[in-house]
Amino acid sequence: MPSAKKLPLEATRAGKNHQASNNVETRNLASLMGGKSPQEEKQTNGIIALLSNPSSFRLLLVWGVLFASGLGLALNVYRLQIVKAPTLLAKARQQQMVYLRPFVPRRAIVDRNGNVLATDRPAYTLFAHPKLFKQSKSAIATKLSGTLGISADALVTMFNQRDSGIRVAYSLTEEQADNIAQLRNDGLELIQNYARLYPQKDLAADVVGYVDVDHRGQAGVEYSQENLLVRAVRTVRLSRAGNGTLMPDHLPEGLLHFDDLRLQLTIDSRLQRAARSALKQQIELFRAKRGTVIVMDARDGALLALVAEPTYDPNEYFNSDVGLFKNWALADLYEPGSTFKPLNVAIALEAGAITPETTFYDGGNIQVAGWQIKNAEPGRHGRLTISEILQYSSNIGMVQIIQQMKPSVYYGWLERLGLGQTAGIDLPFESPGQMKSSEQFTSSRIEPATTSFGQGFSLTPIHLAQMHASLANGGKLITPHLVRGLFDTQGQVFWQPNQPTPRPLFSPKTTQTVLEMMEAVVVKGTGKAAQIPGYRIGGKTGTAQKASSTGGYSSARITSFVGILPVDSPRYVVLAVVDEPKGENAYGSTVAAPVVKSVMEALISIEQIPPSAEK
């Protein structure tokens with residue numbers, strides 16, 4: 001190969017200098033054109049070339065999309081798992097879980113012998129959808145009429161109201177529902193629920209009460225003992241399958257198993273029926289406004305009967321006057337009149353103000369602080385013993401008895417009796433009695449005088465029965481009650497209430513003395529209508545004028561009679577009160593005493609009380 005020609009040294013140096021000069025110029029030109037060096041320009045050209053290559057561009061685009069997607073996914077995961085986690089968890093549980101509170105029937109209510117007074121039973125509501133009828137409205141109405149007890153014309157009128165969703169009847173029995181189902185008519189729909197049934201109807205409505213459409217007690221024991229009648233039931237959480245159906249394998253064990261406890265009352269249905277019958281007879285005979293009968297076991301305050309008339313059927317409470325829902329024997333006040341006199345005698349004896357041998361002169365009237373007081377019946381009785389004062393129901397004699405005590409002492413005894421308070425019965429809506437303040441009572445001579453014969457203050461019939469029970473049990477103030485406890489169907493006790501400790505009032509000697517005086521009232525006084533051959537009965541009549549809303553007293557009367565059986569072994573107190581009887585012969589002896597006699601005769605039979613021993 002021919003050898004390369006060597007350039008002169010100056011030429012070489014000149015070339016290098018020229019190249020350096022060109023590089024400087026190139027850099028200067030690059031600065032003027034954007035500041036890119038040839039190396040940067042080369043990189044730029046490489047990118048341009050890469051972008052100009054379709055395959056390379058797609059690769060870069062895919063990687064860019066993947067990177068952006070991954071970043072977006074990461075941000076969304078953070079938002080869902082961290083930021084919105086609580087909200088989404090709540091929504092998921094709402095969709096996947098169902099919270100149910102199963103319906104558990106109320107406990108039954110029974111009397112002391114186990115007779116059912118209230119229970120839950122399956123009931124049905126009938127809806128009609130006329131647009132689905134395959135037969136004429138009149139034809140379907142005719143078929144339903146006999147089962148429902150509704151006329152066919154009335155049913156057709158219902159069917160014409162609208163095309164669907166007509167409630168035709170509710171609280172239908174299973175038998176009625178079966179009869180309707182057997183008709184197999186399109187357009188009739190039966191919805192099952194539970195309803196409260198009162199098999200005895202109006203027999204014990206004054207005591208039992210009723211429940212409303214929400215199955216909540218509104219009166220009587222159904223209201224006051226709601227916590228005992230409602231079985232405890234917890235809310236159940238169930239899983240839902242993907243299609244929305246509940247998964248039964250997730251039901252808690254024993255969910256639908258509940259106790260067989262029943263609320264047992266002290267009431268005896270047989271005695272309750274006898275008392276209501278006797279009371280209704282006298283109310284109708286004397287065209288009275290209302291009445292009540294109370295039978296109490298004086299040993300512990302248990303009520304064997306508590307009747308108020310008129311009453312209502314708790315199965316159809318919605319058809320009754322709301323005023324009937326409160327038991328007026330414990331909700332309304334009245335002035336007891338002469339039935340309070342035996343208690344005043346017991347107070348005077350216990351306070352030492354009198355003895356059984358003390359006598360007073362009844363001149364027919366007496367002046368007290370400018371007020372003239374007379375007996376209910378005109379005339380004078382002359383000198384009377386304490387027993388005769390009760391026997392003749394002498395107002396004059398009672399005023400003189402109470403005048404033997406200082407007003408402050410007498411007022412203190414009235415407070416010990418519980419006047420102005422409630423009796424404490426386990427039924428709702430009991431009213432406290434009313435009496436004058438201590439200052440009013442002790443500063444006026446007329447107040448103790450009128451109180452001596454049962455006027456000037458007011459109380460409830462149940463409170464008066466409680467006070468007379470203290471005369472029958474040896475002097476202890478007990479608490480009237482109706483609830484015996486929770487028992488299972490085998491009669492085993494599960495729970496019983498703790499009654500307040502009886503509070504001593506009178507000595508047994510005092511109460512026995514007063515009982516014998518009350519026996520004289522029945523044997524030869526105003527209570528002869530309550531006599532039962534072979535039995536020693538103590539009693540006291542009462543005929544009081546009713547206080548007027550405008551002040552003073554009206555011409556209306558309230559009659560009463562309280563009896564204690566038997567005097568030789570006192571145990572039962574029977575009180576009858578009849579409000580506003582009509583007629584000139586309407587007195588405690590003629591209106592209320594016969595009621596007490598009838599009730600005592602039933603009581604003797606039911607309790608198998610032996611005849612009294614001969615005196």
Side-chain angles (χ1 to χ4, degrees), residues 206-207 271-272 274-296 303-311 323-324 326-343 376 393 419 422-423 425 427 429-431 433-434 453-455 457-469 471 480 518 521 526-527 529-530 539-547 553-554 556-564 572-583 586-600 603:
D206 323 301
V207 172
L271 190 61
Q272 183 86 358
R276 188 173 296 283
S277 176
L279 179 62
K280 287 179 68 174
Q281 181 178 342
Q282 289 298 91
I283 287 177
E284 293 172 2
L285 181 62
F286 286 91
R287 305 186 310 281
K289 178 181 177 181
R290 59 184 181 176
T292 184
V293 174
I294 300 170
V295 181
M296 182 184 296
L303 294 171
L304 278 65
L306 177 54
V307 173
E309 188 66 34
T311 187
L324 299 176
K326 67 172 184 177
N327 190 327
W328 75 271
L330 52 98
D332 289 355
L333 304 176
Y334 81 111
E335 295 188 1
S338 296
T339 51
F340 198 77
K341 289 176 178 177
L343 294 163
S393 198
L419 279 182
T422 61
I425 189 172
L427 283 177
F429 318 128
E430 182 186 4
S431 298
Q434 292 182 355
F453 51 86
Q455 294 197 267
F457 67 96
S458 58
L459 44 63
T460 60
I462 191 66
H463 203 169
L464 183 65
Q466 177 195 34
M467 293 177 182
H468 274 277
L471 299 178
M518 293 175 70
V521 174
T526 58
K540 185 68 189 78
T541 56
T543 305
Q545 289 177 292
K546 294 188 66 174
Y553 291 89
S554 67
R557 300 173 178 176
I558 187 162
T559 60
S560 55
F561 185 86
V562 59
I564 297 176
Y572 300 104
V573 175
V574 182
L575 171 66
V577 182
V578 180
D579 190 13
E580 296 188 16
K582 308 297 189 299
Y587 298 98
S589 58
T590 57
V591 179
V595 176
V596 171
K597 177 181 178 179
S598 296
V599 174
M600 283 187 169
L603 183 62

Minimal non-hydrogen separation, [X] against [Y], with atom names:
{"X": "Leu459", "Y": "Phe340", "result": "CD2-CE1, 4.5 Å"}
{"X": "Val591", "Y": "Ala586", "result": "CG2-CA, 3.8 Å"}
{"X": "Val293", "Y": "Ala275", "result": "CG1-CB, 3.9 Å"}
{"X": "Thr292", "Y": "Val307", "result": "OG1-O, 2.7 Å"}
{"X": "Gly588", "Y": "Thr543", "result": "N-OG1, 2.8 Å"}
{"X": "Ser589", "Y": "Pro594", "result": "O-CD, 3.7 Å"}

Do [X] and [Y] have side-chain heavy atoms sitting under 4.5 Å apart?
{"X": "Arg557", "Y": "Tyr587", "answer": "yes"}
{"X": "Thr559", "Y": "Gln282", "answer": "no"}
{"X": "Pro461", "Y": "Trp328", "answer": "yes"}
{"X": "His468", "Y": "Leu575", "answer": "no"}
{"X": "Asp332", "Y": "Lys326", "answer": "yes"}
{"X": "Lys597", "Y": "Met600", "answer": "no"}
{"X": "Tyr572", "Y": "Leu603", "answer": "yes"}
{"X": "Gln281", "Y": "Val595", "answer": "no"}

Run the side-chain contact (heavy atoms from CB on, under 4.5 Å) test against Thr311 and tell me which residues pass, sequence neighbours left out.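 Only Asp202, Ala205, Asp206, Arg276, Glu309 meet the side-chain contact (heavy atoms from CB on, under 4.5 Å) criterion with Thr311.
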From [atom1] ([X]) to [atom2] ([Y]), nearest 0.5 Å:
{"X": "Ile564", "Y": "Leu471", "atom1": "CD1", "atom2": "CG", "value": "5.5 Å"}
{"X": "Met296", "Y": "Leu306", "atom1": "CE", "atom2": "CG", "value": "9.0 Å"}
{"X": "Leu343", "Y": "Leu419", "atom1": "CG", "atom2": "CG", "value": "9.0 Å"}
{"X": "Met518", "Y": "Thr339", "atom1": "CE", "atom2": "OG1", "value": "9.0 Å"}
{"X": "Ser458", "Y": "Leu464", "atom1": "OG", "atom2": "CG", "value": "12.0 Å"}
{"X": "Ile425", "Y": "Thr460", "atom1": "CD1", "atom2": "OG1", "value": "8.5 Å"}

Does the [X] side chain pair with the main chain of [Y], one donor and one acceptor, at a distance under 3.5 Å?
{"X": "Glu335", "Y": "Gly454", "result": "no"}
{"X": "Lys582", "Y": "Arg287", "result": "yes"}
{"X": "Glu430", "Y": "Ala423", "result": "yes"}
{"X": "Ser560", "Y": "Val577", "result": "no"}

Crowded around Lys546 NZ? As in, over 12 foreign heavy atoms under 6.0 Å?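 More than 12 heavy atoms, drawn from other residues, nucleotides or ligands, come within 6.0 Å of this atom.
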For Thr541, which residues count as a side-chain hydrogen bond (donor to acceptor under 3.5 Å, both in side chains) partner, sequence neighbours excluded?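 If we apply the side-chain hydrogen bond (donor to acceptor under 3.5 Å, both in side chains) test to Thr541, skipping adjacent residues, the hits are Thr526.
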